[in-house]
**Student:** 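The structure is given below, and queries will be raised subsequently.
None of these values were measured; they are calculated from a predicted model. Here is the naming used below: chain letters follow the sequence lines, and residue numbers restart at 1 for every chain.
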Amino acid sequence: MALALVDCESFYASCERIFRPDLKNTPIVVLSNNDGCVIARSTEAKKMGIGMGVPWFKVKKSFLLQGGQVFSSNFTFYGDMSARVMNILEGFVPEIEIYSIDEAFLGMDSLEEHYNLYEFGCYVRSLIKQWTGVPVRIGIAPTKTLTKIALNEAKRINVPTKVHQISTTKEIREALRNTPIRDVWGVGRRLSEHLNQAKISNALQLADIDPNYIKRKFSLVLERTVRELRGQRCLDIENNVSAKKQIVVSRSFGNRVADLKTLRSIVSNFAVRASEKLRNEKQKCSQVSVFVRTSPFSNHKPQHTGHKTMELLNPTNDTRDILIAAKKALLPIFKPGYDYAKAGILLSRFTNETTKQYSLFKDPNEPKDNSKFMKYIDQLNNYETQIYFASQNTKRWSPMKQNMTSPKYTTSWYELPIVK
DNA sequence: TCTGGGGTCCTAGGACCC
DNA sequence: TCTGGGGTCCTAGGACCC
């Protein structure tokens, strides 16, 4: 019984290096929207002590002085590189779950009798490196939670191939003993605090507790984690991509926004984008929520957060309906006199696009289904034209600051790398 | 000055029913 | 003085993930 976890090393930072061989040993960090936080670090940057999620302004000076290279996030590019890696993996295994942009679980049960899994992992790793330039690490173990532990162990004992398998009880217990409780998949900040209070500080101690006791004292979720650590598979490979249950579009602003008019145009932009995503998913929603909030970090200033959910009588994915609902929701939560730092829209309560639920109180004047109109707009927007709705802010999508973005090397004809 | 964005699952407790 | 019991459904919020 074995699963594998393939994890792209420092993914965004590695992507930035692919078309910039001159940056081979240079420390690299990639920043979040607005160039706010550090969200990816190359090994060199990690060694310099740059933490995950630290505000960029706090480390900027020393990082750059030491010769570091910084990039704003270029998600279009990372998404494309991710698809290439996943594509290769799909060709090698019967079962795959793409877990995030830089991770995938592989089902290895059927390969086990024909292959040496460790060698198989090394082979896949070298192919991915050769074909995409992305370095990956592979952990192999009986359960998902243990594959994460295997990766941790590989790092601790510094496995040069970056591929590591733990399968015997001895290997597993040794790896568990060396994993701090906080590094266990499913144990976050709060849980690790509670567990530490109960004198449970490493994964082995957690694994040795009766799962039933854990369920009573903590939760069903942690019980599953314990069983997984003991080698009992509770989480399977989920290869049918299940439909989304909610869609969120939100941003922090580069500059604070205090007036309703500006805020409304920003929220309109979010609504338009969220509706596009919804149509892409072939779903309709019947709930639209909007939220706004001031910056929790400016605690000397008056704070306000507001959120409001609108129910729609008929499920829709028409931008016009969603825009109306979003603007209605914004009105009661906006209060003048506050400097807003972030806003967002959340669509939920999805139904399939093709099923139509008629309202008991159907308005006889309600227009006929005009989904063709939105399809047409989507088509236009996919090319060079850009159709806007009147309430949108057409100058900037959201008031964001970002100016260190690398080219869209692989997704734009105009930005293809040039070989000289 | 400057602190990300987008998701999932679980659960306690409220609303409601008979 | 004393004010049922048991069930379902829904939702907001918490915790976690990358």
Side-chain angles (χ1 to χ4, degrees), chain A residues 5-12 29-41 51-61 70 72-75 78-79 82 97-105 144-145 148 151 181-195 215-216 218-225 234-235 238 241-256 270 273-274 277-278 281 286-287 289 291 293-301 305 307-309 311 339 341-350 397-404:
Chain A
L5 172 60
V6 180
D7 158 288
C8 303
E9 278 186 272
S10 318
F11 184 51
Y12 302 160
V29 298
V30 177
L31 305 181
S32 64
N33 284 320
N34 288 314
D35 297 336
C37 298
V38 172
I39 56 169
R41 309 149 295 153
M52 179 65 178
V54 296
W56 170 233
F57 72 88
K58 285 190 180 170
V59 293
K60 178 177 179 178
K61 200 172 165 194
V70 58
S72 303
S73 34
N74 185 348
F75 288 113
Y78 310 147
S82 168
E97 174 184 345
I98 297 172
Y99 181 72
S100 72
I101 194 165
D102 66 346
E103 282 176 312
F105 288 104
K144 279 186 173 177
T145 310
K148 293 255 179 189
L151 283 182
I181 199 74
R182 182 59 229 268
D183 292 350
V184 174
W185 192 41
V187 177
R189 192 174 52 84
R190 295 306 280 273
L191 261 177
S192 64
E193 277 169 18
H194 286 154
L195 289 166
K215 185 178 180 183
R216 262 183 288 121
F218 293 89
S219 70
L220 186 151
V221 185
L222 190 62
E223 182 204 0
R224 274 203 294 249
T225 301
C234 302
L235 307 167
E238 297 189 18
V241 218
S242 53
K244 282 204 170 92
K245 292 172 180 170
Q246 59 180 49
I247 286 173
V248 179
V249 177
S250 71
R251 290 290 181 284
S252 300
F253 311 144
N255 298 308
R256 305 284 180 255
F270 295 169
R273 180 72 194 108
K277 286 185 173 184
L278 186 60
E281 290 281 316
S286 49
Q287 253 184 1
S289 315
F291 69 88
R293 67 145 215 244
T294 49
S295 167
F297 301 101
S298 344
N299 35 24
H300 52 286
K301 285 191 179 167
T305 68
H307 54 92
K308 167 104 182 137
T309 301
E311 307 282 340
D339 286 338
K342 181 172 180 171
I345 183 169
L346 187 151
L347 308 182
S348 51
R349 283 226 183 138
F350 292 169
W397 191 78
S398 93
M400 235 170 40
K401 285 181 183 160
Q402 192 154 313
N403 47 27
M404 296 173 289

**Student:** Identify whether any heavy atom of A/I101 sits under 4.0 Å from a base atom; if not, whether one sits that close to sugar-phosphate; answer base, sugar-phosphate or nothing.
**Tutor:**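 No contact.
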
**Student:** State whether A/R189 and A/E193 are salt-bridged, where the test is any N-O pair (Lys NZ or Arg NE/NH1/NH2 against Asp/Glu carboxylate O) under 4.0 Å.
**Tutor:**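 Between A/E193 and A/R189 there is a salt bridge, with a charged N closer than 4.0 Å to a carboxylate O.
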
**Student:** Distance check, rounded to the nearest 0.5 Å: A/T309 atom OG1 versus A/L346 atom CG?
**Tutor:**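 The distance works out to 8.0 Å.
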
**Student:** Would you write out the dot-bracket form of DNA chain C, 5' to 3', with Watson-Crick and G-U pairs under 3.5 Å, [ ] for crossing pairs, | for pairs to other strands and . for unpaired bases?
**Tutor:** ....||||||||||||||

**Student:** Using 30° and 60° as the class boundaries, would you call the ring planes of A/F105 and A/Y99 parallel, tilted or perpendicular?
**Tutor:**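 Answer is perpendicular, since the angle exceeds 60°.
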
**Student:** Are A/N33 and A/S252 close enough, and set up right, to give a side chain to side chain contact (heavy atoms under 4.5 Å, CB included), and what steps lead you there?
**Tutor:** CA-CA 8 Å; A/N33 284 320; A/S252 300; over 6 Å; no

**Student:** What integer number of Å spans the P atoms of C/dC18 and B/dT3?
**Tutor:**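 Those two atoms are separated by 25 Å.
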
**Student:** Just call it for A/D102: base, sugar-phosphate, or nothing, with non-hydrogen atoms closer than 4.0 Å on any strand.
**Tutor:**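 If one applies the 4.0 Å heavy-atom cut-off, A/D102 turns out to touch the sugar-phosphate alone, with no base involved.
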
**Student:** Base, sugar-phosphate alone, or nothing: which one does A/V59 contact when heavy atoms must sit under 4.0 Å apart?
**Tutor:**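 Nothing, no nucleic acid heavy atom in range.
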
**Student:** For A/F75, what residues pass the ring-ring contact (aromatic ring centres under 6.0 Å, His included) criterion, not counting sequence neighbours?
**Tutor:**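 Checked A/F75 against ring-ring contact (aromatic ring centres under 6.0 Å, His included); matches are A/Y12, A/Y78.
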
**Student:** May I ask you to say what A/K60 touches in the nucleic acid, namely base, sugar-phosphate or nothing, with a heavy-atom cut-off under 4.0 Å?
**Tutor:**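 Since no nucleic acid heavy atom lies under 4.0 Å of A/K60, the category is nothing.
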
**Student:** Taking A/S348 as the fixed residue, which of A/K244, A/Q246, A/Q287 is the one that meets the side-chain hydrogen bond (donor to acceptor under 3.5 Å, both in side chains) rule?
**Tutor:**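 Between A/S348 and the candidates, side-chain hydrogen bond (donor to acceptor under 3.5 Å, both in side chains) is satisfied uniquely by A/Q287.
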
**Student:** Looking at every strand, decide which applies to A/E103 at a 4.0 Å heavy-atom threshold: base, sugar-phosphate, or nothing.
**Tutor:**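 Since only primed, P, OP1 and OP2 atoms lie under 4.0 Å of A/E103, the category is sugar-phosphate.
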
**Student:** Measure from the side-chain N and O atoms of A/T145 to the backbone N and O of A/T225, and report whether any donor-acceptor pair falls under 3.5 Å.
**Tutor:**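 Checking the backbone N and O of A/T225 against the side chain of A/T145, no donor-acceptor pair under 3.5 Å is found.
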
**Student:** Near A/K277 NZ, under 6.0 Å, is it more than 12 heavy atoms from other residues, nucleotides or ligands?
**Tutor:**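 Above 12, so yes.
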
**Student:** With nearest nucleotide decided by heavy atoms, which residue, A/F297 or A/K215, maps closer to the 5′ end of DNA chain B?
**Tutor:**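 Nearest nucleotide further toward 5': that of A/F297.
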
**Student:** How would you label the contact of A/V54 with the nucleic acid (heavy atoms, under 4.0 Å): base, sugar-phosphate, or nothing?
**Tutor:**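 Result for A/V54 = nothing.
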
**Student:** Classify A/L31 by what it touches in the nucleic acid, base, sugar-phosphate, or nothing, heavy-atom distance under 4.0 Å.
**Tutor:**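 Touches nothing.
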
**Student:** I'd like the 5' and 3' limits of the part of DNA chain B contacted by chain A, with heavy-atom contacts below 4.0 Å.
**Tutor:**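 So the outermost contacting nucleotides come out as B/dC2 to B/dT11.
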
**Student:** Do the charged groups of A/K144 and A/E238 touch, with an N to O distance under 4.0 Å?
**Tutor:**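 Between A/E238 and A/K144 there is no salt bridge, as every charged N stays at least 4.0 Å from the carboxylate O atoms.
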
**Student:** Tell me what A/W185 touches on the nucleic acid: a base, only sugar-phosphate, or nothing, going by heavy atoms under 4.0 Å.
**Tutor:**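 Here A/W185 touches the backbone only, sparing every base.
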
**Student:** Taking for each residue the nucleotide of DNA chain B with the nearest heavy atom, is it A/S298 or A/K244 whose nucleotide lies nearer the 5' end?
**Tutor:**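 Result of the comparison: A/S298.
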
